[in-house]
Colleague: 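Input: one structure, supplied below.
Note that the structure is a prediction, hence the values are computed from the model and not measured.
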Amino acid sequence: MMRVFEKMGRTLHLGFLLALSLVLILNVAHGGKTSTFVRKVEKTVDMPFDSDVFAVPPGYNAPQQVHITQGDLEGKALIVSWVTVDEPGSSEVHYWSEHSKEKKKADGKVVTYRFFNYTSGFIHHTTIRQLKHNTKYHYEIGIGNTTRQFWFITPPEVGPDVPYTFGLIGDLG
């Protein structure tokens with residue numbers, strides 16, 4: 001019986017020493033701040049539902065549901081996605097930076113899918129690569145009289161104190 005109490009005493013003593021060490025480490029070692037960025041308290045402004053960006057664009061096979069996604073981890077690529085309803089059309093994106101009027105071209109791909117009796121429109125995905133950080137770019141999609149123009153600003157270069165704002169939209173069908 002005495003051995004049991006001795007083992008319990010050693011275990012309690014060891015547990016006490018570990019707990020004391022942890023308290024000392026937490027009180028002495030401060031990790032500090034990793035960033036000075038603080039999120040704003042005020043609410044963001046939502047886009048109104050009657051905004052022209054939600055309207056179906058006029059013209060035959062005009063690009064619809066246009067949206068962009070960051071295309072790589074560094075922010076130097078961007079994916080432009082859109083839907084055409086009538087036919088595949090073109091998956092080309094013409095783009096240029098605000099400070100250069102020279103248009104560049106990126107080629108993409110088009111896919112469709114079927115689910116029971118539903119067939120999707122023609123879904124286009126085009127990746128634009130080798131973009132510069134923190135730069136405004138204009139881009140154009142579509143063919144002939146149904147081209148549409150948009151713009152975006154690439155994110156700043158990755159760093160510990162770089163604020164980053166993004167939007168998130170969900171659509172379940």
Colleague: Has the side chain of Thr135 got a donor or acceptor atom that lies under 3.5 Å from a matching backbone atom of His133?
Modeller: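 Checking the backbone N and O of His133 against the side chain of Thr135, a donor-acceptor pair under 3.5 Å is found.
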
Colleague: So Lys109 and Ser91, do their side chains get closer than 4.5 Å, heavy atoms only?
Modeller: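 No, their side chains stay 4.5 Å or more apart.
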
Colleague: So for atom NZ, which belongs to Lys101, do other residues, nucleotides or ligands contribute more than 12 heavy atoms lying within a distance under 6.0 Å?
Modeller: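 Yes, NZ of Lys101 has more than 12 neighbouring heavy atoms, counting only those of other groups under 6.0 Å.
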
Colleague: For Lys136, does the NZ atom have more than 12 heavy-atom neighbours from other residues, nucleotides or ligands under 6.0 Å away?
Modeller: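 Check passes, neighbour count above 12.
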
Colleague: Could you tell me the separation between the CD atom of Glu92 and the CG atom of Asp107, rounded to the nearest 0.5 Å?
Modeller: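 Between atom CD of Glu92 and atom CG of Asp107 there are 5.0 Å.
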
Colleague: Evaluate the ring planes of Phe152 and Tyr139, with Trp represented by its six-membered ring, and classify them as parallel (under 30°), tilted (30 to 60°) or perpendicular (over 60°).
Modeller: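 The arrangement is tilted - the two ring planes meet at 30° to 60°.
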
Colleague: Quick one, Asn61 and Ile143 - any side-chain contact, counting heavy atoms below 4.5 Å?
Modeller: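 A side-chain contact under 4.5 Å is absent here.
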
Colleague: Using 0.5 Å steps for rounding, measure from the CZ atom of Arg129 to the CG atom of Leu78.
Modeller: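 Result: 11.0 Å between the selected atoms.
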
Colleague: Quick check: do Trp151 and Glu98 have side-chain heavy atoms less than 4.5 Å from each other?
Modeller: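 In short, these two side chains do not touch, never coming nearer than 4.5 Å.
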
Colleague: Flag yes if more than 12 heavy atoms outside Gln130 fall under 6.0 Å of its CD atom; otherwise flag no.
Modeller: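 Counting other residues, nucleotides and ligands, CD of Gln130 stays at 12 neighbours or fewer.
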
Colleague: So do Tyr137 and Ile153 actually touch side chain to side chain, heavy atoms under 4.5 Å?
Modeller: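 The answer is no; the side chains never approach within 4.5 Å.
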
Colleague: To which residues is Tyr60 joined in a hydrophobic cluster, defined by side-chain heavy-atom contacts under 4.5 Å among Ile, Leu, Val, Met, Phe, Trp and Tyr, whether direct or through other members?
Modeller: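 So far as hydrophobic clustering goes, Tyr60 is joined with none.
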
Colleague: Heavy atoms, side chains only, cut-off 4.5 Å: are Val93 and Ile128 in contact?
Modeller: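 Yes, close enough: below the 4.5 Å cut-off.
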
Colleague: Measuring from atom NE2 of His138 to atom OG of Ser100, what distance do you get when rounded to the nearest 0.5 angstrom?
Modeller: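 Separation between the atoms: 11.0 Å.
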
Colleague: Would you say Glu74 and Glu157 make side-chain contact, with heavy atoms under 4.5 Å?
Modeller: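 Answer no - side chains too far apart.
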
Colleague: Are Gln64 and Val85 packed together at the side-chain level, in the sense that at least one heavy-atom pair is separated by less than 4.5 angstrom?
Modeller: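 Side-chain contact under 4.5 Å: yes.
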
Colleague: Please write out which residues are connected to Val83 in a hydrophobic cluster, directly or through intermediates, given that two of Ile, Leu, Val, Met, Phe, Trp, Tyr count as joined at side-chain heavy-atom separations below 4.5 angstrom.
Modeller: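 Other cluster members: Val111, Tyr113, Tyr118, Ile123.
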
Colleague: Does one side chain, of His125 or Ser81, offer a donor that lies under 3.5 Å from an acceptor on the other?
Modeller: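 Yes, because at least one side-chain N or O of His125 sits under 3.5 Å from a partner of the opposite role on Ser81.
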
Colleague: Any sub-3.5 Å donor-acceptor pair from Thr127's side-chain atoms to Ile79's backbone N or O?
Modeller: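 The answer is no, because no donor-acceptor pair under 3.5 Å joins these two groups.
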
